[in-house]
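A quick write-up on the structure given underneath.
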Amino acid sequence: MQSAARRRHLLDHHLSPSTSAAIAAFRSASQPGLTPQGLCGADGARYMSSARAPAVKGSGHLVRKGTGGRSSVSGIVATVFGATGFLGRYLVQQLAKMGSQVLVPFRGSEDCHRHLKIMGDLGQIVPMKYHPRDVDSIKAVMAKSNVVVNLIGREYETRNYSFEEVNHHMAEQLAMIAKEHGGIMRFIQVSCLGASPSSESRLLRTKAAGEESILKEFPEATIMRPATMIGTEDRILNRWAQFAKNWGFLPLVGGGTTKIQPVYVIDVAAAIVNSLKDDGTSMGKIYELGGPEIYTVHELAELMYGTIREWPRYVNVPLPVARAIASPREMLLNKVPFPLPTPSIFNLDQINAFSVDNLVSEDALTFEDLGIMPQKLKGYPVEYLVSYRKGGPAFGSTVSEKMRSSEM
């Protein structure tokens, strides 16, 4: 202490009077800063951990500071359930690139989340082991969060997890724990377009039940209902392309006349992030997220064939026949002592879901209400399908190139 005081005295002796006066004024002003409140400044709450800040629901913007880059601090500490899935990787990337800290609950191996760690700055992506049936582990991964996003979902049942447990009871449990937490400012539930208690699809019925339970437990929650999502890891065009390459044809249930509104997965992730950036206007609301174009299943299959540069060959499968082909797995699921294969083309629940048109409602809140213009599918969003071309990206020809001029 004495040596530090001596150095300060010698420094002041060699400085000009005006400079010494400025330094003295700075020191006097900075002395109160030794207290915790002074270290934080007048608006100290801004610089405290967001997990410790009081959660006043709906009060102003959640994103409080930062320039937006991955090395800034957005103020968001988000627990993303289902982060290792299809939509999860794109949501984690968009949250991390704006300086948010993302807690990634996982129940698989240590490798299932490693692709997410490079998406954020050092220490911003935090994997945490948990089990969806263990309440204490769920509370642990939520403990320091102020945002919870539930992406957990299942498009087919297994021996261990049913639609009711995954899409309804788990979602309800997360909402209850988030409400008890007291510091969760936003809860985002990702459901499915067409979710309804009267749907023929059990997936859509359980998704609707999950929405109802969440809004009952956490009325400020935001519900997102994306249409069929398209992207590099999707479960529709990839399966179609694999089936067409392996068998030389593609079965179309009911002739492929059902109308759907597929959406680019990155647009869905951007919609979730934009709902967190607003001043609370999205809280307690339901958004239906469909793409800008309406396709029949047959037209979407044509887009797939045109991208992989294969001649389209279809087999029309009547709806009752498709249900008969897919039913044995559902009947034997819990009756045999071994796991059954994962359904791909003939998924009974997906067949039931695609038996009726699945479009955005006319009076629904959409991408436009979140300030997003969704991309059209043709072009970059389906470019990943070039990997299915026979001889590489430049191999083959389009359908129009194979047709004679007289046939066009």
Side-chain angles (χ1 to χ4, degrees), residues 82 85-86 107-108 132-133 151-171 191-210 226-230 233-260 262 295-298 300-301 304-305 308 310 312-358 388:
F86 174 35
R107 63 185 183 91
R133 290 171 177 160
L151 307 181
I152 296 176
R154 175 70 77 177
E155 60 182 6
Y156 60 88
E157 289 186 300
T158 65
R159 299 173 65 205
N160 296 322
Y161 292 99
S162 65
F163 283 133
E164 286 75 15
E165 182 179 9
V166 175
N167 299 326
H168 179 196
H169 299 306
M170 284 185 186
S191 183
C192 290
L193 184 64
S196 169
S198 60
S199 174
E200 291 189 28
S201 165
R202 289 180 59 206
L203 165 68
L204 298 179
R205 292 200 301 270
T206 54
K207 281 290 188 180
T228 302
M229 291 184 288
I230 304 297
E233 304 85 11
D234 69 39
R235 300 184 184 96
I236 180 167
L237 295 187
N238 277 306
R239 288 178 178 173
W240 288 0
Q242 290 170 2
F243 194 97
K245 296 290 288 185
N246 292 336
W247 301 98
F249 69 93
L250 182 67
L252 289 181
V253 178
T257 58
T258 304
K259 294 180 180 179
I260 56 177
Y295 289 83
T296 63
V297 174
H298 180 268
L300 189 60
M304 180 272 295
Y305 268 116
I308 68 174
E310 293 282 344
R313 296 181 180 88
Y314 303 106
V315 173
N316 182 22
V317 182
L319 186 59
V321 175
R323 285 173 173 163
I325 294 173
S327 293
R329 181 186 184 277
E330 307 303 318
M331 293 187 295
L332 297 174
L333 184 62
N334 294 313
K335 296 180 180 180
V336 296
F338 52 85
L340 294 176
T342 300
S344 56
I345 298 294
F346 292 101
N347 180 346
L348 181 60
D349 202 81
Q350 192 174 56
I351 291 171
N352 291 332
F354 278 6
S355 63
V356 296
D357 295 344
N358 193 9
Y388 293 98

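Predicted model, so just to flag it, every value in this text is computed and none were measured.
- Nearest heavy-atom pair, R235 versus R239, reported as atom, atom and distance to 0.1 Å: O-CD, 3.2 Å.
- Annotation: the span from E155 atom CD to T342 atom OG1 amounts to 9.5 Å, rounded to 0.5 Å.
- In this structure, E157 contributes its side chain and F163 its backbone to a donor-acceptor pair below 3.5 Å.
- The two residues K207 and S191 make their nearest non-hydrogen contact at CB-OG, 3.5 Å.
- Taking each heavy atom of G256 and T296 in turn, the nearest pair found is O-CB, 3.5 Å.
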Item checked: Full working for ring pair (Phe, Tyr, Trp, His ring centres under 6.0 Å) between Y314 and Y305 -> CA-CA 11 Å; Y314 303 106; Y305 268 116; 5.5 Å; yes
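- Residues S196 and L204 are not in side-chain contact: their nearest non-hydrogen atoms beyond the backbone lie 4.5 Å or more apart.
- Using a 4.5 Å heavy-atom cutoff, the side chains of I152 and Y161 are not in contact.
- Residues I236 and L300 form a side-chain contact, since some pair of their non-hydrogen atoms from C-beta on lies under 4.5 Å apart.
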Checklist line | Pair T258-N358, side chain to side chain contact (heavy atoms under 4.5 Å, CB included): steps then yes or no | finding: CA-CA 8 Å; T258 304; N358 193 9; 5.9 Å; no
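- Counting heavy atoms from C-beta on, the side chains of Y388 and Q242 come closer than 4.5 Å.
- Under 3.5 Å, the side chains of R329 and N347 contain no donor-acceptor pair of N or O atoms.
- A 4.5 Å side-chain heavy-atom check between E165 and R154 finds every atom pair outside the cut-off.
- Atom OG1 of T228 is separated from atom CD of Q350 by 7.5 Å, given to the nearest 0.5 angstrom.
- Smallest separation of non-hydrogen atoms from P132 and R107: CD-CD, 3.8 Å.
- At distances below 3.5 Å, not a single donor-acceptor pair connects side-chain atoms of D349 with backbone N or O atoms of Y156.
- Within the 4.5 Å cutoff, side-chain heavy atoms of E164 are placed close to those of R202.
- Note that the CZ atom of F86 and the CG atom of N238 stand 8.5 Å from one another [nearest 0.5 Å].
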Next item on the list: Output, in order, the C-alpha distance, side-chain angles, deciding distance and verdict of side chain to side chain donor-acceptor pair (under 3.5 Å) for R205 and N167.
Entry: CA-CA 9 Å; R205 292 200 301 270; N167 299 326; over 6 Å; no
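- Here the side chain of S199 pairs no donor or acceptor atom with the backbone of A195 at under 3.5 angstrom.
- A227 approaches L193 most closely through the heavy-atom pair CB-CD2, 3.6 Å.
- When side chains are defined from C-beta on, W240 does not count as touching I308, because their heavy atoms never get closer than 4.5 Å.
- Between atom OG1 of residue T158 and atom CG of residue N334 there is a gap of 8.5 Å, rounded to the nearest 0.5 Å.
- Nearest heavy-atom pair across D234 and M229 is CB-O, 3.5 Å.
- Interatomic distance, E200 CD to I351 CD1, rounded to the nearest 0.5 Å: 12.0 Å.
- Here CG of L319 is found 12.5 Å from CZ of F354. Values are rounded to the nearest 0.5 Å.
- For K245, the NZ atom is densely surrounded, since the number of other residues' heavy atoms within 6.0 Å is greater than 12.
- At least one side-chain heavy atom of L348 sits under 4.5 Å from a side-chain heavy atom of R323.
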